[in-house]
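Structure first, commentary second.
Labels below follow one simple rule: chain letters A, B, ... track the order of the sequence lines, proteins then strands, and each chain is numbered from 1. Since the structure is predicted, the reported quantities are computational estimates derived from the model, not experimental observations.
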Amino acid sequence: MIEADFFARPSKVVALDLIGVSLLFEGVGGAIVETEAYHEQDPASHSYRGQTSRNGAMFGPPGHVYIYRSYGIHWCLNFVCLPGSAVLIRALQPDVNIEAMRQRRGDVATRLLCSGPGRLTEALGITGAHDGLSLTAPPFVLQPRSEDIAVDVGTRIGITKAVGENLRFGVKASPFLSKKFPIAI
DNA sequence: CCCAGGATTGACT
DNA sequence: GTCAATCCTGGGA
């Protein structure tokens with residue numbers, strides 16, 4: 001079981017440590033295969049200009065979730081770390097109750113069920129109504145990874161500020177990533 | 001008060 | 001490869 005103090009660390013460290021962790025929401029989910037870190041001094045972060053009515057959860061206790069609507073259409077799921085910092089969950093490997101995911105996402109290939117921040121919230125049934133919930137209590141269940149995993153690092157996706165920072169992490173060569181990492185040197 | 005723009009996705013050429 | 005969909009926050013006037 002992962003405790004709240006796991007999240008009371010810099011988001012970059014937490015983002016790396018979250019790779020391979022199993023995430024279940026109401027008994028649906030799988031291993032986290034892709035994350036991105038955001039922090040308070042980060043121009044690309046919603047917390048950059050300080051606390052507002054939308055990003056309040058990002059300044060709340062570590063180990064809770066911050067959920068926001070993206071492009072007026074999708075929900076994106078973040079794990080809150082130290083105040084003003086969070087980790088965006090970008091992709092899961094569908095493991096548990098794939099039928100429920102397919103029911104919500106439609107009849108798509110398994111590798112497309114959770115390969116993107118908007119897709120995985122839809123597959124798990126997560127919405128803004130769950131903003132601020134604790135990750136260490138139901139309906140969330142987090143289990144540590146069971147074995148070591150090779151991890152890729154790269155630049156974040158879909159942002160226009162602080163583009164060059166290597167704050168994106170993913171399972172090396174996983175077919176469930178939202179986007180491949182550039183070929184390693 | 002107004003309105004530009006976004007941590008995206010899927011449909012289409 | 002391009003592009004529209006669609007909401008609502010927050011920055012600026």
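- Within residues 92-112 of chain A, the residues having any heavy atom closer than 4.0 Å to DNA chain B are, in order of number, Arg105(A).
- Residues of residues 77-91 of chain A that place a heavy atom closer than 4.0 Å to DNA chain B, in numerical order, are Asn78(A), Leu88(A), Arg90(A).
- Side-chain N/O atoms of Tyr68(A) and base N/O atoms of dA7(B) include a donor-acceptor pair closer than 3.5 Å.
- Evaluation of the salt bridge (charged side-chain N to carboxylate O under 4.0 Å, His left out) rule for Asp131(A) yields no partner, not counting sequence neighbours.
- Shown here is Arg111(A), whose CZ atom has no more than 12 heavy atoms of other residues, nucleotides or ligands within 6.0 Å.
- Remark: Tyr38(A) in residues 29-38 of chain A come within less than 4.0 Å of DNA chain B through at least one heavy atom.
- Side-chain contact between His39(A) and Val87(A) is absent, with no heavy atoms from C-beta onward closer than 4.5 Å.
- dA7(B) and dG1(C) are spaced 23 Å apart, taking the C1' atom of each and rounding to whole Å.
- As rounded to whole Å, 10 Å separates atom P of dG5(B) from atom NZ of Lys161(A).
- What separates OH of Tyr71(A) from P of dT8(B) is a distance of 6 Å, to the nearest Å.
- Residues from residues 40-67 of chain A placing a heavy atom under 4.0 Å of any atom in DNA chain C, listed by number, are Arg49(A), Thr52(A), Ser53(A), Arg54(A).
- Residues Glu122(A) and Ile159(A) both approach DNA chain B. Their nearest nucleotides, taken by heavy-atom distance, put Ile159(A) toward the 5′ side.
- Within the 6.0 Å centre-distance limit, the rings of Phe25(A) and His130(A) are counted as a close aromatic pair.
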Inset, instruction - Dot-bracket for DNA chain B, please, read 5' to 3', with Watson-Crick or G-U wobble pairs under 3.5 Å on both distances, ( ) within the strand, [ ] crossing, | other strand, . unpaired. - result: ||||||.|||||.
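- Centroid-to-centroid, the aromatic rings of Tyr38(A) and His46(A) stay 6.0 Å apart or farther.
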